[in-house]
2 protein chains.
Amino acid sequence: MASTQDIRQEFVQLWGTMGSFWGVSPTTARVYGWLLSQSEPQTAEQCVEGLGLSRGAVSMACRELRDWGLAQVERVEGSRQQAYRPETDLEKAIRNIVAMRKRREWDPILEHLREWLPQLERDRSPDAQVFRERLQQIEGLIGLADSMAESFLKGGLVQKLGLKLLVAKASAARGPRKKR
Amino acid sequence: MASTQDIRQEFVQLWGTMGSFWGVSPTTARVYGWLLSQSEPQTAEQCVEGLGLSRGAVSMACRELRDWGLAQVERVEGSRQQAYRPETDLEKAIRNIVAMRKRREWDPILEHLREWLPQLERDRSPDAQVFRERLQQIEGLIGLADSMAESFLKGGLVQKLGLKLLVAKASAARGPRKKR
DNA sequence: CCGAAGTTTCAATAATTATTGAACGTTTCA
DNA sequence: TGAAACGTTCAATAATTATTGAAACTTCGG
């Protein structure tokens, strides 16, 4: 049967594979997972030992975590060491990630689309017409996603929408029983 | 000034960089972009010429697009060639992508979490306690994301929620004028 | 059944991305 | 001020992922 230590390692590994999902390297994600799995803030040394990474890799991962607002650095009492405290409010963590990816990735795409659309209007060929319509559709959809992201960043979309969905899900489960 | 051809190339390139966003290789994403940018379904040969890719790469990209439900294959009249027609309903496209990623990536994570949680209860140390609470939080949040994804897949979340947001956005723009 | 036209496969290679570790900084305190 | 303890950087290297292209396969008309 798996010990807490085993599960911790498996969790850290799994969490690492999700790195690409939110745009960081597996190592950075693993370090965040490691921090989350511990009750106390961890020093770089502890991360090195726990994860089998090089000193440099831990340093870079922790810096990236700080850039994303996913960890804070603290001084350890009576030592020169630093310890990293993870952001444990996951909704806040997600909000930080969404904000950064939106700024870095979506916003430039929207800009490009809005720059291209007027230029395409000058070409009256049916082919260019279709292309323009497609870009317009894309612009609309990404614009919508952008609004949703913004709304999420401002308030608690998760609270409002999430609760509604959970209630709906619960009542659906209560009513017609699960098939099979 | 940029011609339609130039813009098409830039768009295809940009679209390619978004591949990692939804979990396919840049080439696959570029081929989808190319198909979207054309008014008529394209043969493999046309993709090769338009994108400067090898025959094999186009073949693999198109297969992946079919797997994701993002393109259909059609026979060309009076020829043995095939032509690829892209899914142009973008909401449907997104739904396909969400469905596949959910199945491939989120669902296994949820399974693991639900397998680990009971095992952690046997360890009564305060450390394991904290770890368990963190995993519980994660499980709750991913579970919520899962419900939201499911709701999106079933009905038109975009229609319902999107319209609401668009209206809110429009009225905000009407009221207080844009700053600067 | 043959061969031409087209498509797919996959081992080899190229390109990209992640990781290391040794050298360089910085801080602290005797 | 010096040296020990710790942190950071980045060029070199390793690992991973994407792409090619030549060989194998399929389909179809004659």
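Per chain, numbering begins at 1; letters A, B, ... match sequence-line order. Everything numeric here is computed off the predicted structure, so don't read it as measured data.
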Check: Counting side-chain heavy atoms from C-beta on, which of C/dT7, D/dC6, C/dA4 comes nearest to B/Gln82?
Finding: C/dT7
Next item on the list: Can you sort out the partners of B/Trp68 under ring pair (Phe, Tyr, Trp, His ring centres under 6.0 Å), two or more places apart, ordered by chain and number?
Entry: none
Between side-chain atoms of residues 132-139 of chain B and protein atoms elsewhere (two or more places apart, or another chain), which donor-acceptor pairs fall under 3.5 Å?
{"residue": "B/Arg132", "atom": "NH1", "partner": "B/Gln129", "partner atom": "OE1", "Å": "3.4"}
{"residue": "B/Arg134", "atom": "NH1", "partner": "A/Leu36", "partner atom": "O", "Å": "2.8"}
{"residue": "B/Arg134", "atom": "NH1", "partner": "A/Gln38", "partner atom": "O", "Å": "3.0"}
{"residue": "B/Gln137", "atom": "NE2", "partner": "A/Thr88", "partner atom": "O", "Å": "3.1"}
{"residue": "B/Glu139", "atom": "OE2", "partner": "B/Arg114", "partner atom": "NE", "Å": "2.6"}
{"residue": "B/Glu139", "atom": "OE2", "partner": "B/Arg114", "partner atom": "NH2", "Å": "3.0"}

Note to self: Nearest whole Å is fine: how far is D/dA4 P from A/Gln81 CD?
What the structure shows: 18 Å
Notebook entry, point to check: Taking atom P of D/dC6 as reference, at what distance in whole Å does atom CD of A/Gln42 sit?
Noted result: 16 Å
Margin query: Using whole Å, what does the distance between atom C1' of nucleotide D/dG29 and atom CZ of B/Arg80 come to?
Written below: 7 Å
Check: Taking C-beta and beyond as the side chain, do A/Phe11 and B/Leu120 meet within less than 4.5 Å on heavy atoms?
Finding: no
Notebook entry, point to check: For D/dG7, does either OP1 or OP2 sit under 4.0 Å from a side-chain N or O belonging to A/Arg75?
Noted result: no
Item checked: Any donor-acceptor N or O pair under 3.5 Å, side chains B/Ser125, B/Asp123 -> yes
Checklist line | Annotated protein contacts, base or backbone, on nucleotides 9-25 of chain C with a non-hydrogen cut-off under 4.0 Å, one of B, S, - each | finding: BB-------SSBB----
Checklist line | B/Glu64 side chain vs B/Ala61 backbone, donor-acceptor pair below 3.5 Å | finding: no
Next item on the list: In whole angstrom, give the distance that lies between atom CD of A/Glu45 and atom C1' of D/dT8.
Entry: 15 Å
Check: Mind checking whether B/Trp106 and A/Phe21 have ring centres under 6.0 Å apart?
Finding: yes
